[in-house]
Structures are given as structure tokens and as C-alpha cells.
Amino acid sequence: MKKNQSYIGMLAAVGVALSLSTNSISALAQSIPVHAQGLKEELITVDLSGTKKQAGIFSTKIGSDKPIKLAVLLPGYPSVVRPVMENGVMTASKLTGNFLIRARRFLADDSVATLIVDCQSESGDYCSSGYQASKERQEDVDKLIAEVKKRTPSIGDVWLVGTSMGTISSSFMPLHNPTAYSGAIHTAAITEPYARNSYKELGGFDYKKPSPIHFFIHHVNDPCSLTPYASAKAIAEKFNVPLVTISGGGGFQGGVCEALTQHGFRGKEKEVMTEIAAIIKTGKASQLEIN
């Protein structure tokens, strides 16, 4: 009888332990925000001049340890991320709602890793357009990329992916270092640099200067006055740059130049990221219209 009681007690203890373990796993899963699900992430920081630092979030798909391509994500206004890390993922930031950040889980796969780029540590709450267009910006980000490649030597090709204000960086970085990147993808790009509150740095920008291939991805109904689709189409035609046109989506809300409208591809995140992945893997757009 005592042996049976002891055995039953042991089973009960095991049951409690399993229950606690299951609850802990469930709690951990619930603590991971949707935008980071399926990802393994690391905050990487490199020293710049003086006391300045350059940080970024390196993300890989869980179970994929040897990505061969890196998508460098350059988010939009104000382009300051300041990430918060918990349980091996980025749980919060100043720009979590940004298209590139909230949809990165759809881009990271067995061959593609992503790197969210913050602004340098002494930028304050705004990563200025002048800095984003500068060689200093390119050098700062390249130091971060070099550290990522050092830690993950399987990575070969590096692609720049900018959105909105971040397309200043994705446009100018190849100009300053033409051989460093395999290509640049500009989503919801700044196409009216002389509009009110726009960024004159991109005025007259020549996408045919020595640099890797450029791609534009733009929503046909982008409501932002800085990024109208008609201007994106005109630029693409002038410089013979492939333009992927996005239609549809839903759940739009917020200001016209904010991330939860057509400007940020709301409701089409997975489709847009799938196309970005295809471009990174093949160097070509798989389709020029996504409905």
C-alpha cells in the first residue's frame, strides 16, 4: 500500500511539473508579440566615433542558422527605433508599427535574415534626412553589417530595403559605397522631394549612377503627398527601374503618411514581403502587379 501511495505521489509530482512547464511555455509564447513570432533575434551594437554607437536587431527564422542573404531594413520617419529586447526577441520599440518592422517575420526564412537598423545613438528622437543621405550614415550602418557578417559568416549578399523616409538611406548608401550591396529596394519611396515637409536630398536623384540595381514597390493608392504613386511610376520609367505595383489591403487608419494606411501596405504585408524575398533571392521581380 505504501509503495502504491509513493508511486501515485510521484506521478502527481510529475504531472504538476509538466503542468508548470506547459504553463511556462504558454506564458512565454504569449509574451512574444505578433511581429516577432517565429523569429530568433539579437541586439547587435558597434562603437562609432566618440561615445556614439550604432545598434540593430538581427533576426533569423527559428531553426535557420545559416542564412546566405541579409535584408538591411531602413524604417521610415523618424527612423529612430530604440529597441527593447525580452526573451530573445524585440518586444517593443519607437517604431514597432512601421511596415518593415511589423512585417519582418514574413521576410526572414531559411535563406534570408533581416537587420533592423536604428539611428546612431546620439541622434535624439529624429534621424535627420541630411544624416541619412550622408557618407557617415553609410559608414555607420556598414560597421553594423560587418559585425553581423562576422558573427554569421554564411551571409554573402546584402540588400538594402528602405521604406518612406528610410528610402533616403537605401538610395544614398549605394551611391557612397557602390560595391557593398547586391541591390536596393525602395518601398513607399519619397517621390516628391520638394513637397511641403518632404526631403530635398532626393531631389533630382539619379538612379542610374554606378550602383547596384534598384527596385520600387509602391501602393497604387498611396495617400501620402510625399510619396504619390504617379511620381513613383514616372521615376521608374525615367530610370528604367522595375516598379512593383500593390493594390488592395484593408483596415486602414491614421494619417495619410503613417504606417497603417496604403502607405504602409496595411493588409498586404505578407504579399509585399514575399515579393521582397523573391527579389533578394533572384535579383528580379517575380511579378509587377500584386492585387
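This one's a predicted model, so the numbers in the text were calculated from it and none came from an experiment.
- The environment of Lys238 atom NZ is sparse: at most 12 non-hydrogen atoms of other residues, nucleotides or ligands sit within 6.0 angstrom.
- Taking both residues in full, the closest heavy atoms of Cys127 and Val80 are given as N-CG2, 3.6 Å, listed atom of the first, atom of the second, then distance.
- Sparse packing is recorded around NZ of Lys270, with 12 or fewer heavy atoms of other residues, nucleotides or ligands lying under 6.0 Å away.
- If you run side-chain hydrogen bond (donor to acceptor under 3.5 Å, both in side chains) between His35 and each of Arg104, Arg102, Arg105, only Arg104 comes through.
- Considering all non-hydrogen atoms of both residues, Ile44 and Val148 come closest at CD1-CG2, 3.7 Å.
- When hydrophobic clusters are built by joining Ile, Leu, Val, Met, Phe, Trp and Tyr residues whose side-chain heavy atoms come closer than 4.5 Å, directly or via intermediates, Phe265 is grouped together with Leu73.
- One finds a salt bridge joining Asp157 and Lys69 here, because a Lys/Arg side-chain nitrogen approaches an Asp/Glu carboxylate oxygen to under 4.0 Å.
- For Lys143, the NZ atom counts as densely surrounded, since its 6.0 Å shell holds more than 12 non-hydrogen atoms of other residues, nucleotides or ligands.
- With sequence neighbours left out, the ring-ring contact (aromatic ring centres under 6.0 Å, His included) criterion links Tyr207 to His186, Phe205, His214, Phe216, Phe239.
- Not counting sequence neighbours, Glu192 has no partner by the salt bridge (charged side-chain N to carboxylate O under 4.0 Å, His left out) test.
- Qualifying ring-ring contact (aromatic ring centres under 6.0 Å, His included) partners for Phe58, counting only residues two or more places apart in sequence or in other chains: none.
- When all heavy atoms are compared, the tightest approach of Pro193 to Tyr199 is CB-O, 3.2 Å.
- Between Arg151 and Glu147 there is a salt bridge, since a side-chain N of the basic residue sits under 4.0 Å from a carboxylate O of the acidic one.
- Using a 4.5 Å cut-off on side-chain heavy atoms (C-beta onward), His263 and Val256 make no contact.
- Across all their heavy atoms, Ala36 and Glu41 have their closest contact at CB-OE1, 4.0 Å.
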